[in-house]
There are 4 protein chains.
Amino acid sequence: MKTKDRIILGALTLFNQNGERNITTNHIAAHLEISPGNLYYHFGNKEEIINGIFDNYAQELKIRFKPMAEEDQSNMPSVQIMLSYLDSIFELMWNYRFFYANLPDILSRDEKLKQKYTQAQLALHDNLIAIMNNFRDSGLIALEDDELQALTKTLHLVASCWINYQTAQLSDKEITENIIYQGMLQMLNVVRPMATEQGREQILALEAHYRSRVAASC
Amino acid sequence: MKTKDRIILGALTLFNQNGERNITTNHIAAHLEISPGNLYYHFGNKEEIINGIFDNYAQELKIRFKPMAEEDQSNMPSVQIMLSYLDSIFELMWNYRFFYANLPDILSRDEKLKQKYTQAQLALHDNLIAIMNNFRDSGLIALEDDELQALTKTLHLVASCWINYQTAQLSDKEITENIIYQGMLQMLNVVRPMATEQGREQILALEAHYRSRVAASC
Amino acid sequence: MKTKDRIILGALTLFNQNGERNITTNHIAAHLEISPGNLYYHFGNKEEIINGIFDNYAQELKIRFKPMAEEDQSNMPSVQIMLSYLDSIFELMWNYRFFYANLPDILSRDEKLKQKYTQAQLALHDNLIAIMNNFRDSGLIALEDDELQALTKTLHLVASCWINYQTAQLSDKEITENIIYQGMLQMLNVVRPMATEQGREQILALEAHYRSRVAASC
Amino acid sequence: MKTKDRIILGALTLFNQNGERNITTNHIAAHLEISPGNLYYHFGNKEEIINGIFDNYAQELKIRFKPMAEEDQSNMPSVQIMLSYLDSIFELMWNYRFFYANLPDILSRDEKLKQKYTQAQLALHDNLIAIMNNFRDSGLIALEDDELQALTKTLHLVASCWINYQTAQLSDKEITENIIYQGMLQMLNVVRPMATEQGREQILALEAHYRSRVAASC
DNA sequence: CATGAATGAGACTTCATTCAT
DNA sequence: GATGAATGAAGTCTCATTCAT
């Protein structure tokens, strides 16, 4: 792996573990066993490293939250589709959790990054709307257009904030993958009131699935 | 006003404006036109100032989210009660927004504060549940016990994270009181699917109220 | 007791326990439960407090190391006289140990104090010579004038430095009154080679006395 | 010379001249014309610099106070051997005088250093005993085992404390190499009563040597 | 590409001392 | 005599960043 990529991955690891504020560029270099000078050869400053991490994140976001092509959908039960989206959401949230933990700070320092972030969020929003439309078209949920907009926004917010929200409530030891399954259950709770009869069955199946995973990891 | 209180208020103002990370103890002292020594006469370190701010916040939280006594309730239409709670939520969120913007960072640095925070959240949670129970008893919403728990959690999360969530989406200029009215509308959206017919009417009334305020402030 | 004296005694206690460097004027005031302003009403600065302590010390030094009048001497066996001097030396050293622990520092900061110190030492030196002369005249020790000068100087040095010397060698717990008895034994060791037969007997008696005390305190 | 070593030497110089307490890390950096950041690149804190100085001192102590191998001894008159030890003692004391001037303070702040110091003193003590045994075996001094122990301790104490003791007695101008020759004379005074006839002659020769040096430097 | 010593602004904090009451 | 809030210079240390090799 190239040094530039190693820096991005090493920084991400340390940021997630210790918070961006507590990790200096020297920490990153030491962690990778390279010199600070070398780090600054690849990145002009700390901000650029964060930008590099964000670019990876945006790339993953783009790939994962593309509404499926029709032919693919028909090959897959709706519940599977929802499952894969939920998994994606929380996997990303977990892998880049340092970012959400300091979002206002990080974005306020870097106008360029803020613009990239906003753009990514707009694209994501469109994709989420399309995805929810698919679910409605499949008869899993039933609601008006403006209700669908609102639901999507709530879901996006729950997904974006879940780890932060839980981190604050729990002790350090409890912050594990477990809170991710609980986040998924919470999202299903948000959707359930809008579900059709058919949708409700599938949601209950998913709930059972995640509940067993929570139990298993205890 | 006593210097100690001036420090707490001045620090809160600066933290909200610029982020806690970007405000040094010297900034606070200069802002209040006192010497750094004087600041440290009243607070042993920066952490203690943050603790002082938090104590104010917890105090307000306690007072505002107490379920109303029955006699008070009967004198007030339910919609007014809900209005006052919504106002409280977002006023607090706005007044102490620096805190939520850096929650993981701030709590991870100070175990004592983390415990105070957790305790305050537990008390808040109990009060929120009691308040929602009142709404159910008043026939505004209809749902099972476990659904009520889930709804309360979603509402708490939306309230806690709204400003963060929006801050990230919007440009600096747009972060004004306006986003608060949008947050209230978003919370009403979360509640609406659970509303009874009677409840729905009242929610629509509130929505109209906030929508007019948003329009007015543009 | 007057506040001024309480300050001197309180400062002495804290200095001995923690070292002068680690005790601020605020510590002293807090220890005595008075205000810093009050402390500075009685003493213009920290240096003056140290001067006050020194004056007490010099006063005690003067009283204790006066050669006895002839009539008093004849009423007291020589061994008793030596015992009382040895006790005095180490009691002073112990009570003002902070002072000797930082002698160069303290004196270099305050020319006035340095002069007082030098003067006190000169007076002490004369008294010690006189005392040793008495012992020689009593037939306890036998030596030439220049040897007597050298012996006195060695004894003075051992007494002055003993606590410092031992403090450095031992762990904190071991620094107790015990090291004082050991210091007395060391001084007797210095004198013994010069003792007459009669003197040697008395020295052995004193050694036995201190050795039993060391044993007792273990 | 490497920067790390320059820092150690520069700090030692300044500490000896002004006392460790009065020399800040900024003073050291300014003295060497390097930035404070550079100083902290090489040493994590002021304590580590003091540790570095001590390590140099301990190293010299170890080398200089090794009892001579028999073959070396036979090639050298005893008086020369004693002369070289005395020179070593006072050269070290002089070169590291700041350390002894603040021993209790410095050691109480740094447990690790205290342990290193104690260990060095134990090794030194063993070497001193061996050296004194050699002198006894060479017929320079005559005494019992326990007397030899006591004598060694007195000599160690005189050597350790001499500069402190004299510093306090004299004005700043008088604190020069001169007091070192006086210290050597004082140590000879301590040994003389135990000397054999042969030893006494050699001691007198040494005394004459140092006395002429004292005279010369006035 | 890579090293690692070096920079310097500035963060947090301490503490002897002052002064209005 | 006494209070206690206030001062401000200065000390220790950090860290993003640079640059000669």
Side-chain angles (χ1 to χ4, degrees), chain A residues 2-4 6-7 20-30 32-50 109, chain B residues 2-4 6-7 20-30 32-49, chain C residues 2-4 6-7 20-30 32-50 109, chain D residues 2-4 6-7 20-30 32-49:
Chain A
K2 294 283 180 60
T3 299
K4 190 157 187 167
R6 289 183 60 226
I7 292 171
E20 182 264 335
R21 185 180 190 168
N22 305 309
I23 294 298
T24 71
T25 48
N26 282 337
H27 283 137
I28 300 168
L32 299 171
E33 295 178 317
I34 65 174
S35 65
N38 193 6
L39 185 148
Y40 275 87
Y41 175 81
H42 292 286
F43 294 90
N45 53 43
K46 198 182 178 186
E47 215 54 49
E48 279 188 20
I49 300 175
I50 296 174
R109 267 183 284 149
Chain B
K2 296 281 180 59
T3 301
K4 190 157 187 169
R6 289 182 60 223
I7 293 171
E20 181 265 334
R21 181 181 190 168
N22 305 308
I23 294 299
T24 72
T25 49
N26 281 342
H27 286 137
I28 300 170
L32 298 172
E33 296 182 312
I34 64 175
S35 66
N38 193 8
L39 186 147
Y40 277 89
Y41 175 76
H42 292 285
F43 294 91
N45 51 45
K46 199 183 176 185
E47 213 57 47
E48 278 189 20
I49 300 176
Chain C
K2 294 283 179 61
T3 299
K4 190 157 187 168
R6 290 183 59 225
I7 292 171
E20 183 264 336
R21 183 180 192 168
N22 304 311
I23 294 298
T24 71
T25 48
N26 283 335
H27 283 136
I28 300 169
L32 298 171
E33 295 180 316
I34 66 173
S35 65
N38 194 6
L39 185 148
Y40 274 86
Y41 174 81
H42 291 286
F43 294 91
N45 52 45
K46 198 182 179 186
E47 214 55 49
E48 279 189 18
I49 300 175
I50 295 174
R109 268 182 282 150
Chain D
K2 295 282 179 60
T3 299
K4 190 157 188 169
R6 289 183 59 226
I7 292 171
E20 181 264 335
R21 181 181 191 168
N22 305 308
I23 293 299
T24 72
T25 49
N26 282 342
H27 286 137
I28 300 169
L32 298 171
E33 297 181 312
I34 64 174
S35 65
N38 193 7
L39 185 149
Y40 277 89
Y41 175 77
H42 292 285
F43 294 91
N45 51 45
K46 199 182 176 186
E47 213 56 49
E48 278 189 19
I49 300 175

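First the proteins, then the strands, lettered A, B, ... as listed; each starts at 1. Keep in mind that the numbers below use all heavy atoms, side chains included, and drop hydrogens, waters and symmetry copies.
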5' priority, DNA chain E, between Ile23(C) and Gly37(D) [closest heavy atom]: Gly37(D)
Under the criterion side-chain contact (heavy atoms from CB on, under 4.5 Å), I'd like the reasoning laid out for His42(C) against Lys2(C): C-alpha separation, chi angles, the key distance, then a yes or no. CA-CA 10 Å; His42(C) 291 286; Lys2(C) 294 283 179 61; over 6 Å; no
Are Leu39(C) and Ile49(C) packed together at the side-chain level, in the sense that at least one heavy-atom pair is separated by less than 4.5 angstrom? yes
Grab the CG-P distance between Leu39(B) and dT14(E) for me, whole Å please. 12 Å
Output all residues satisfying salt bridge (charged side-chain N to carboxylate O under 4.0 Å, His left out) with Arg6(D), sequence neighbours left out; order by chain, then residue number. none
In whole Å, I'd like the distance from the CG atom of Asn22(B) to the C1' atom of dC12(E). 16 Å
What does Asn26(D) touch in the nucleic acid at a heavy-atom separation under 4.0 angstrom: a base, only the sugar-phosphate, or nothing? base
Taking only the C1' atom of each, what is the distance from dT21(F) to dC1(E) in whole angstrom? 13 Å
Please tell me if Thr25(D) has a side-chain N or O lying less than 4.0 Å from either OP1 or OP2 of dC13(F). no
Atom-to-atom span, CZ of Arg109(A) to P of dA16(F) - whole angstrom: 10 Å
Scan Thr24(B) against the nucleic acid and name what it touches under 4.0 Å (heavy atoms): base, sugar-phosphate only, or nothing. sugar-phosphate
When you get a sec, tell me which of dT14(F), dA6(E), dT18(E) is the closest nucleotide to the side chain of Tyr40(C)? dT18(E)
What distance do His27(A) atom NE2 and Asn22(A) atom CG have between them, rounded to the nearest 0.5 Å? 8.5 Å
Name all residues meeting the salt bridge (charged side-chain N to carboxylate O under 4.0 Å, His left out) criterion together with Glu48(D); count only those two or more places apart in sequence or in a different chain, and write none if there are none. none
Candidate pair Ile7(A) and Ile34(A), rule side-chain contact (heavy atoms from CB on, under 4.5 Å), full reasoning: CA-CA 9 Å; Ile7(A) 292 171; Ile34(A) 65 174; 4.1 Å; yes
Which sits closer to the 5' end of DNA chain E, Arg21(A) or Ile34(D), going by the nucleotide each is nearest to? Ile34(D)
Audit row: Lys46(C), Arg109(C), side-chain contact (heavy atoms from CB on, under 4.5 Å) steps and yes/no: CA-CA 11 Å; Lys46(C) 198 182 179 186; Arg109(C) 268 182 282 150; 5.7 Å; no
Atom-to-atom span, CD of Glu48(D) to P of dT12(F) - whole angstrom: 14 Å
5' priority, DNA chain F, between Glu33(B) and Tyr41(C) [closest heavy atom]: Tyr41(C)
Taking OP1 and OP2 of dG4(E), is either one under 4.0 Å from a side-chain nitrogen or oxygen of His42(D)? no
Rounding to a whole Å, what distance do you find between Phe43(A):CZ and dA2(E):C1'? 15 Å
Nearest-angstrom distance from the residue atom CZ of Arg6(C) to C1' of dA2(F): 12 Å
To the side chain of Ser35(C), which of dT17(F), dA2(F), dC1(E) is closest? dA2(F)
Rounding to a whole Å, what distance do you find between Ile7(A):CD1 and dA2(E):C1'? 11 Å
Between Glu47(D) (CD) and dG11(F) (P), how many Å, whole number? 17 Å
Anything below 3.5 Å on both distances counts as a pair; with that, list the stems of at least three consecutive Watson-Crick or G-U pairs involving DNA chain E. E:2-21 with F:2-21
OP1 or OP2 of dT3(F) sitting under 4.0 Å from any side-chain N/O of Asn38(C)? yes
CG of Asn38(B) to NZ of Lys4(B), rounded to nearest 0.5 Å, is 12.0 Å
Let's see if you can work this out: which of dA2(E), dA16(F), dA16(E) has an atom nearest to the side-chain heavy atoms of Lys46(A)? dA16(F)
